[in-house]
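Following: one structure in structure tokens, then a few remarks.
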Amino acid sequence: MDDTLLAGLNPEQRAAVTLPRESALVLAGAGSGKTRVLTTRIAHLIRTRQASPLGILAVTFTNKAAREMMTRLAGMMPINTRGMWVGTFHGLCNRLLRAHHREAGLPSLFQILDSQDQQAAIKRVLRAMGADEERYPARQVAFFINGNKDDGVRAAQVNPWDAASRAMVGFYQAYEAQCQREGVVDFAELLLRSYELLRDNDMLRAHYADRFGFILVDEFQDTNRLQYEWLKLLAAPTSAVFAVGDDDQSIYAFRGARVGNMRLFETEFKVRQVIRLEQNYRSQGNILDAANALISNNSGRLGKNLWTEAGQGEPIRVYEAGTDMDEAGFIVEEIRALHGEGMHLSDIALLYRSNAQSRVLEQFIFNAGLPYRVYGGLRFFERLEVKHALAWLRLAASPDDDGAFLRVVNFPPRGIGARSLELVQQQAISQGIPMTVAAAGIKLAGKAASGMADFLARVAQLRDVRGRVELGELVEEALRLSGLLAHYQAERDGAERVENLEELVSAAASFNNDSELDDLAAFLSHASLEAGEREAGAGQDALQLMTVHSAKGLEFHAVFVTGLEEGLFPHENSLSENDGLEEERRLMYVAVTRARQRLYLTRSGSRMLHGQIRYGLRSRFIDEVPENLCRFTGPVQQTPRDFPSAWATHREEPGRGQPIRTPLPGSFGGGPSSDAGLPFRIGQNVKHARFGSGVILAAEGQGEDARVQVNFRDAGTKWLALAYAKLSAD
DNA sequence: TACATCTTTATTTTT
DNA sequence: TAAAGATGTA
């Protein structure tokens, strides 16, 4: 009776979909039909009456993935998606906490801080404590706090190991107290709170564990420790947890993800068999072979080899440019050719390791008159004017929200300066009351006093309006009362901001609240948890530019992986982190597996970075792709004497011989002819009294400040000042 | 308070 | 390079 659902699934997919009620780990390779398996299993469970829609919990990391799952489900069967628990970890935790806010120790209208808000809140804590913000920058404190929360560790449970960590713990503690006072929670807190809620409340836990007989988790390799523990709490002994993930695509360790959770899951949830989805429906053979070869250099993998029924396809094109402009020029030419052959521009992606690299590419693409779209800009709800408007709404919802108060109390300007706010803050702290309340009962200097009175009156009016009108109208009223709209209308370059504010009104008006929450609270949650699409670019058919990270989960006909240079990709910072290089390699694996038909790997001998020219060697990741899959090209031949010897040295490194390379211009100072007076060249072999022999990788600075980066055979890579280091030709 | 100028710093990012 | 943050000036 289930034939329509199962039709077209390969044996492994079918096995995963129809697995009996037990916990399972599905190793889903890139392009192996993971989402299909996930949604089909849900549909299958419902159709075969093993579960009711209400008995299923499906967790994802992104709203996009959650939406996609919902859409596909709705396409498979006529079910009421309402009431189904399909969502992100954060979204589901929010739902849980709203439903049980009292037990969780939160006000019913608690607000959610996004990362910006959190950083601002931390800054206030630091100021209030008179902390040395040079030594303890807010972003580092945030990193500390979030890191601990992601591990499920409260301030009181941290064991400080030195003075600095002791200070950090102090900040953490004060920050927790401040958040509690103000009725706000940050992202990590959503998880930690609901974890604690379930942990400390047997009745509640039993209720949910009983309800959710089937739990499905997407992107399991990205779970952090807390998320894993949360799942453990929620899963009853009889629950079947269906974990889908790919250890080879774990690229978020830097924000707390633990690939190790997959192995842990296998043992702790008594997984009887690991199902591997290795048939790939996306890429052609050469691309998969390249990916497989590349990732085989990593250790400790769960093991997986992608294959396809499609043919080998085209060779992988490797282009080694002299300069970043040369690289960009090549890319533009290739795009033109592909486009000329009828490929849509939106089917072509330019990937890079770090955002700064997009600049040259954009410049060239723009000059070529090609439409493009860069991912990674501000999102809608992160825009300044939108945040301001939201702050007014937050104040209307909750008087305790000092963060919101501080954001807009003097914006648009109404004569309330730092001095006045200091007084208000003092009063608020000493009496333990929110700033809105303190502000009402305090005497300020003339201009500030009237400004404050005006502000408070407007907030009161907005509160009054709330509850009497529809959400859209409320937002409109907020814009009017706050004077934000008028302010931006009067501003010379305010047109776009005005547009965004108007868009906010229509977003609110058309907001469909599918929760039990009141409209405003739901809308504010939505604004924090789903900040909106990344910046939309030009027309429909546009080239896609993005970091490799943001390309995860996407696919394109043609993919350019650019900037494949040592130091950049793999990034130099990663080499000092443990498991850093392997994570970079997984990142490369993700990049490569985005391509369907055509894959380009490009690099450049020199590159403008941070306003300076940097020289980099070919990335080891290029070398890890078997030569026979590649077709190498380079710029028009340079004269041989400009050719540095770096290749010769590099070629000796473990691995294999290199195919014929085109030479690269490599000399200090940025141009082929500006190295006069400098004793060394890139790629030259040198000797150091202490570090022994090595090869020059890069150079920067002039004269006195000139520094070179040397890769020593025994001592590793170091930067040395030419003025001091005793280097000699070797 | 607003604007100008200087300094600092530079992976990756979702919620 | 170029953006953000801090500090200084009118």
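Letters A, B, ... are given to chains in the order of the sequence lines, protein chains preceding strands, and every chain is numbered from 1. Just so it is clear, the values below take in all heavy atoms, side chains as well, and ignore hydrogens, waters and symmetry mates.
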Determine the contact category for [X]: base if any of its heavy atoms lies under 4.0 Å from a base atom, sugar-phosphate if only primed atoms, P, OP1 or OP2 are that close, otherwise nothing.
X	result
A:D222	nothing
A:F89	nothing
A:I416	sugar-phosphate
A:E577	base
A:S550	sugar-phosphate
A:N63	sugar-phosphate
A:F61	sugar-phosphate
A:D186	nothing

Looking only at side-chain atoms of A:R255, point me to the closest of B:dT14, B:dT15, C:dT1. B:dT14
Residue A:N410, side-chain atoms from C-beta onward, closest of C:dA2, B:dT1, B:dA2: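 Comparing C:dA2, B:dT1, B:dA2 against the side chain of A:N410, the answer is B:dT1.
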Rounded to the nearest 0.5 Å, how far does CG of A:L484 lie from CZ of A:F411?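 The distance works out to 6.5 Å.
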Measuring from atom OG1 of A:T223 to atom OH of A:Y252, what distance do you get when rounded to the nearest 0.5 angstrom?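 Here the rounded value is 14.5 Å.
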For nucleotides 3-7 of chain C, give me every protein contact, N/O to N/O, under 3.5 Å, one pair per line with atom names.
none

P atom, C:dG5 versus B:dT12: distance in rounded Å?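 Those two atoms are separated by 16 Å.
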Write down the distance separating the P atoms in B:dT13 and C:dA4, rounded off to the nearest Å. 16 Å
Just how far, in rounded Å, is [atom2] of [N] from [atom1] of [X]?
X	N	atom1	atom2	result
A:L609	C:dT1	CG	P	12 Å
A:F143	B:dT12	CZ	C1'	12 Å
A:L226	B:dT15	CG	C1'	13 Å
A:M588	B:dT11	CE	C1'	17 Å
A:M546	B:dT12	CE	P	15 Å
A:L581	B:dT11	CG	C1'	15 Å
A:E491	B:dA2	CD	P	11 Å
A:I251	B:dT13	CD1	C1'	9 Å

Would you say [X] places a side-chain N or O within less than 4.0 Å of OP1 or OP2 belonging to [N]?
X	N	answer
A:R379	B:dT13	no
A:N355	B:dT13	yes
A:T547	B:dT11	no

Test item: A:S398 side-chain N/O and A:R394 main-chain N/O as donor-acceptor pair under 3.5 Å: no
Report the C-alpha distance between A:N298 and A:Y589 in whole Å, list the side-chain angles of each, state the deciding distance to 0.1 Å, and finish with yes or no for side chain to side chain donor-acceptor pair (under 3.5 Å). CA-CA 11 Å; A:N298 273 4; A:Y589 177 78; over 6 Å; no
Kindly assign one of parallel, tilted or perpendicular to the pair A:F511 and A:H526, based on the angle between their ring planes and the thresholds 30° and 60°. tilted
Nearest-nucleotide 5' precedence on DNA chain B, A:D114 against A:L587: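 Residue closer to the 5' terminus by nearest nucleotide: A:L587.
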Closest-nucleotide mapping onto DNA chain B: is A:R139 or A:E382 further toward the 5' terminus? I mean the 5' end. A:R139
As a quick check of understanding, evaluate salt bridge (Lys or Arg N to Asp or Glu O under 4.0 Å) for A:D248 and A:R301, giving each step before the final call. CA-CA 7 Å; A:D248 291 334; A:R301 300 171 56 217; 2.8 Å; yes
Would you call A:K64 and A:E530 a salt bridge, taking side-chain N to carboxylate O under 4.0 Å as the test? no
Of A:R620, A:R353, A:R607, A:R618, the one forming a salt bridge (charged side-chain N to carboxylate O under 4.0 Å, His left out) with A:E565 is A:R607
